[in-house]
Student: 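Take a look at the following structure, please.
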Amino acid sequence: MNLWRYLGKGPTLIFGVSTLLATQEGRAVTQFTNSNYPFTFDINDVTSSIDLPIRDQVETVNMTLETMKERLVKAPTDETVEPLTLNVAAGDAQIDAMAEKIALAGQKQPLIAYLKRKLSSSPSAALTSVGPARLVTLDEAGFSLIDPAKFAAMYSKPQHNLILDSTPLKGNLKLQKQFLRELVPFFPKAERTAIKAKISNGEALDVNTALLPAFPRQMLKKYVVFRGPNCFHAALAFQSTILPSSSFINVKEEPGYHRAMINYDELWRAIKRDFYEIDPLRQPLKYGDMLVFFDVPERESDLPNAHVDFRWIRHTATHLFSGYTFSKGSKSPNTPYTVRTLPEEWSTWKRFTKNLALRVYRRSLSKVSAKPPMDLADWVY
């Protein structure tokens with residue numbers, strides 16, 4: 001496959017002229033754009049078009065032992081597989097606390113000794129509340145000192161298992177028609193027929209198995225082993241696995257990352273090419289709407305016609321109904337694919353941004369790509 005490569009950045013922004021990122025094929029993505037809609041800074045103003053009675057059973061999702069072992073074994077020879085790591089502050093009290101937290105019974109002191117040896121040659125990782133931390137990459141010897149369940153607990157996430165009461169749909173043909181119409185772009189006719197039959201019988205609908213498209217249904221509650229598959233990829237693949245696989249969109253292959261990773265300029269290309277924007281302050285969210293979270297500079301916050309720079313994008317999720325979303329937390333395999341609430345998405349990213357804002361994009365069905373030249377979602381199966 002002849003992958004497009006960036007030739008470099010074009011002219012910088014001068015007097016409002018947009019910077020273009022060019023490819024060999026002459027295609028480009030506009031870095032800056034203007035929107036007729038303002039940014040949304042308060043999700044309490046956002047509503048769902050479908051709001052049905054739902055039973056929410058919250059489950060804690062954990063990385064499996066098999067996934068940990070796969071990362072442990074494959075990472076040394078495959079740079080796209082992320083090794084098992086720990087961020088450890090290099091002080092005796094912090095090392096002791098980490099060992100206390102994750103060591104196997106009777107292995108705390110050997111783990112402390114192991115961490116001190118590794119820390120002496122480990123690169124700096126990130127600042128923590130107790131000072132600089134260093135990144136410790138675990139090998140089999142180190143992993144043998146760790147309780148896998150305790151390690152997994154550090155990266156556990158809540159998952160909302162939803163059961164939808166179909167009674168309101170059965171008794172309201174107009175609402176039922178609207179609900180099924182919103183599902184059309186995401187489910188083949190046979191699956192929509194099965195959903196309609198359950199509604200007609202007044203059966204409850206399990207969202208995990210009946211109301212998620214193929215990709216999120218397959219990936220739900222899973223941790224992958226690769227660096228790369230991220231929230232941008234998850235949002236596009238929810239629409240269709242063709243989108244993130246398309247060479248028109250997934251242009252750049254990043255060294256050390258799985259080919260499935262989508263960069264923010266690639267996401268923006270997909271949005272400009274295959275989606276149109278809606279104003280969530282005036283239009284209720286529909287099933288499948290892409291929620292894009294931005295960190296907006298303060299000086300841009302109050303403009304009536306919003307100036308949008310794709311470099312402000314921090315996260316994407318997909319709206320389902322009744323204020324629930326589907327997403328992946330990051331490009332790291334330490335985050336799973338889960339169903340969350342919109343307030344949970346908002347509060348999470350509020351911690352990582354100075355000025356969090358939302359924009360919403362809806363798939364344009366008039367633009368449908370051909371089958372991609374390669375399957376970038378083969379790791380799913």
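In this chain, numbering begins with 1 at the start of the sequence shown.
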Student: On a heavy-atom basis, which atom in E82 and which in S332 lie closest, and how many Å separate them?
Tutor: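 Minimum heavy-atom contact is OE2-OG, 3.3 Å.
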
Student: Does D295 reach the main-chain N or O of L356 with its side chain, forming a donor-acceptor pair under 3.5 Å?
Tutor: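 Not a single qualifying donor-acceptor pair exists.
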
Student: Could you report the tightest heavy-atom contact between T325 and A317, atom names first, then the distance?
Tutor: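 T325 and A317 have their closest heavy atoms at CB-CB, 4.2 Å.
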
Student: Has the side chain of S48 got a donor or acceptor atom that lies under 3.5 Å from a matching backbone atom of G323?
Tutor: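 Yes, S48 side chain to G323 backbone: donor-acceptor pair under 3.5 Å.
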
Student: With a 4.5 Å cut-off on side-chain heavy-atom distances among I, L, V, M, F, W and Y, is there a chain of contacts connecting I102 to V88?
Tutor: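 In one cluster: yes.
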
Student: Name the atoms and distances for all side-chain donor-acceptor pairs under 3.5 Å in residues 52-62, with sequence neighbours left out.
Tutor:
{"unit_1": "D56", "atom_1": "OD1", "unit_2": "H160", "atom_2": "ND1", "d": "3.1"}
{"unit_1": "D56", "atom_1": "OD2", "unit_2": "H160", "atom_2": "ND1", "d": "2.7"}
{"unit_1": "D56", "atom_1": "OD2", "unit_2": "Y324", "atom_2": "OH", "d": "2.8"}
{"unit_1": "E59", "atom_1": "OE1", "unit_2": "N161", "atom_2": "ND2", "d": "2.9"}
{"unit_1": "E59", "atom_1": "OE1", "unit_2": "K221", "atom_2": "NZ", "d": "3.1"}

Student: Spell out, yes or no, whether L162 and M219 are grouped together once hydrophobic residues are joined by side-chain heavy atoms under 4.5 Å, including indirect joins.
Tutor: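 Linked within one cluster.
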
Student: Hey, can you tell me if W312 and H307 have their rings parallel, tilted or perpendicular (30° and 60° cut-offs)?
Tutor: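 Perpendicular, since the angle between the ring planes exceeds 60°.
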
Student: Could I get the full list of salt bridge (charged side-chain N to carboxylate O under 4.0 Å, His left out) partners for D92, not counting sequence neighbours?
Tutor: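 Applying salt bridge (charged side-chain N to carboxylate O under 4.0 Å, His left out) to D92 gives K116.
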
Student: Between K286 and S49, do the side chains contain an N or O donor and an N or O acceptor separated by less than 3.5 Å?
Tutor: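 K286 vs S49: no donor-acceptor pair found between side chains.
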
Student: Would you name the heavy atoms of K108 and A103 that are closest together and state the gap between them?
Tutor: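 It is CA-CB, 3.8 Å.
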
Student: Measure across I199 and K170 and return the closest heavy-atom pair with its distance rounded to 0.1 Å.
Tutor: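 Scanning both residues, the minimum pair turns out to be O-CB, 3.4 Å.
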
Student: Would you check if there is a donor-acceptor pair between the side chains of D51 and S322 at a distance under 3.5 Å?
Tutor: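 The answer is yes; a qualifying pair exists.
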
Student: Looking only at atom types and distance, does a side-chain atom of T193 sit under 3.5 Å from a main-chain N or O of K189, one as donor and one as acceptor?
Tutor: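 Such a contact is found between T193 side chain and K189 backbone.
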
Student: Find out whether L164 and L169 are in side-chain contact, i.e. whether some heavy atom of one side chain is under 4.5 Å from a heavy atom of the other.
Tutor: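 Side chain of L164 against side chain of L169, heavy atoms only: contact under 4.5 Å found.
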
Student: Honestly curious: do M154 and L145 fall in one hydrophobic cluster under the side-chain, below-4.5 Å linking rule?
Tutor: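 As far as the 4.5 Å side-chain criterion goes, L145 and M154 are connected within one cluster.
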
Student: Report the residues that fulfil ring pair (Phe, Tyr, Trp, His ring centres under 6.0 Å) with W349, sequence neighbours left out, ordered by chain and then residue number.
Tutor: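 W349 satisfies ring pair (Phe, Tyr, Trp, His ring centres under 6.0 Å) with H315, F352 once adjacent residues are dropped.
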
Student: So if I apply the ring pair (Phe, Tyr, Trp, His ring centres under 6.0 Å) rule between F310 and each of F232, Y264, Y361, which one comes out positive?
Tutor: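 Of the listed options, the one satisfying the test is Y264.
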
Student: Keeping K222 on the side-chain end and Q218 on the backbone end, is there a donor-acceptor pair under 3.5 Å?
Tutor: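 Yes; judged by distance alone, with no hydrogens or angles, the pair exists.
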
Student: Do side-chain atoms of K118 reach the backbone of L138 as a donor and acceptor pair under 3.5 angstrom?
Tutor: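 Answer holds: no.
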
Student: Assess the pair F186 and F238: is the distance between their ring centroids shorter than 6.0 Å?
Tutor: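 Yes.
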
Student: Any idea how F39 and F294 line up, ring-wise: parallel (<30°), tilted (30 to 60°), or perpendicular (>60°)?
Tutor: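 Taking F294 first and then F39, their aromatic rings stand perpendicular (interplane angle over 60°).
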
Student: Mark yes or no for whether R259, through its side chain, and G228, through its backbone, hold a donor-acceptor pair below 3.5 Å.
Tutor: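 Side chain of R259 to backbone of G228, a donor-acceptor pair under 3.5 Å: no, none is there.
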
Student: Test your reading of the model: is there a side-chain donor-acceptor pair from D42 to the backbone of N44, 3.5 Å cut-off?
Tutor: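 A pair under 3.5 Å: yes.
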
Student: Could you check R217 against E191 for salt bridge (charged side-chain N to carboxylate O under 4.0 Å, His left out), going step by step and ending with a plain yes or no?
Tutor: CA-CA 13 Å; R217 186 167 65 234; E191 291 184 15; 3.5 Å; yes

Student: Donor-acceptor pair, R71 side chain versus P83 backbone, under 3.5 Å?
Tutor: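 Yes; judged by distance alone, with no hydrogens or angles, the pair exists.
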
Student: Report yes or no: do T64 and T67 form a side-chain donor-acceptor pair below 3.5 Å?
Tutor: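 Yes, because at least one side-chain N or O of T64 sits under 3.5 Å from a partner of the opposite role on T67.
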
Student: Do R363 and S240 have a side chain donor and acceptor closer than 3.5 Å?
Tutor: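 Side chains of R363 and S240: no pair found under 3.5 Å.
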
Student: Decide yes or no for F275 and L236: does some side-chain heavy atom of the first lie under 4.5 Å from some side-chain heavy atom of the second?
Tutor: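 They are in contact (side-chain heavy atoms under 4.5 Å apart), so the answer is yes.
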
Student: Has T316 got a side-chain atom pairing as donor or acceptor with C231's backbone, closer than 3.5 angstrom?
Tutor: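 It does hold such a pair.
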
Student: Does H233 have its ring centroid less than 6.0 Å away from the ring centroid of F215?
Tutor: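 Distance test on ring centres: under 6.0 Å, yes.
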
Student: Check whether more than 12 heavy atoms from other residues, nucleotides or ligands sit under 6.0 Å from atom NZ of K350, and answer yes or no.
Tutor: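 Atom NZ in K350 is crowded, with more than 12 foreign heavy atoms closer than 6.0 Å.
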
Student: Would you call the rings of F151 and F143 parallel, tilted or perpendicular, taking 30° and 60° as the class edges?
Tutor: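 Perpendicular: the ring planes of F151 and F143 meet at over 60°.
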
Student: Verify side chain to side chain contact (heavy atoms under 4.5 Å, CB included) between H258 and K331, making sure each step is shown before the conclusion.
Tutor: CA-CA 10 Å; H258 190 279; K331 63 186 177 184; over 6 Å; no

Student: Are any side-chain N or O atoms of S35 and backbone N or O atoms of Y37, one a donor and one an acceptor, separated by less than 3.5 Å?
Tutor: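 Confirmed, S35 side chain pairs with Y37 backbone.
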
Student: At their closest point, which heavy atom of S245 faces which heavy atom of T241, and how far apart are they?
Tutor: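 Reported closest heavy-atom pair: OG-O, 2.7 Å.
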
Student: So which atom in E254 and which in M261 form the shortest heavy-atom distance, rounded to 0.1 Å?
Tutor: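 For E254 versus M261, the nearest heavy atoms are CG-CE, 3.4 Å.
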
Student: Consider only side-chain N and O atoms of D139 and Y114, and report whether a donor and an acceptor are under 3.5 Å apart.
Tutor: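 Their side chains do contain a donor-acceptor pair, which is all the 3.5 Å distance test asks for.
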
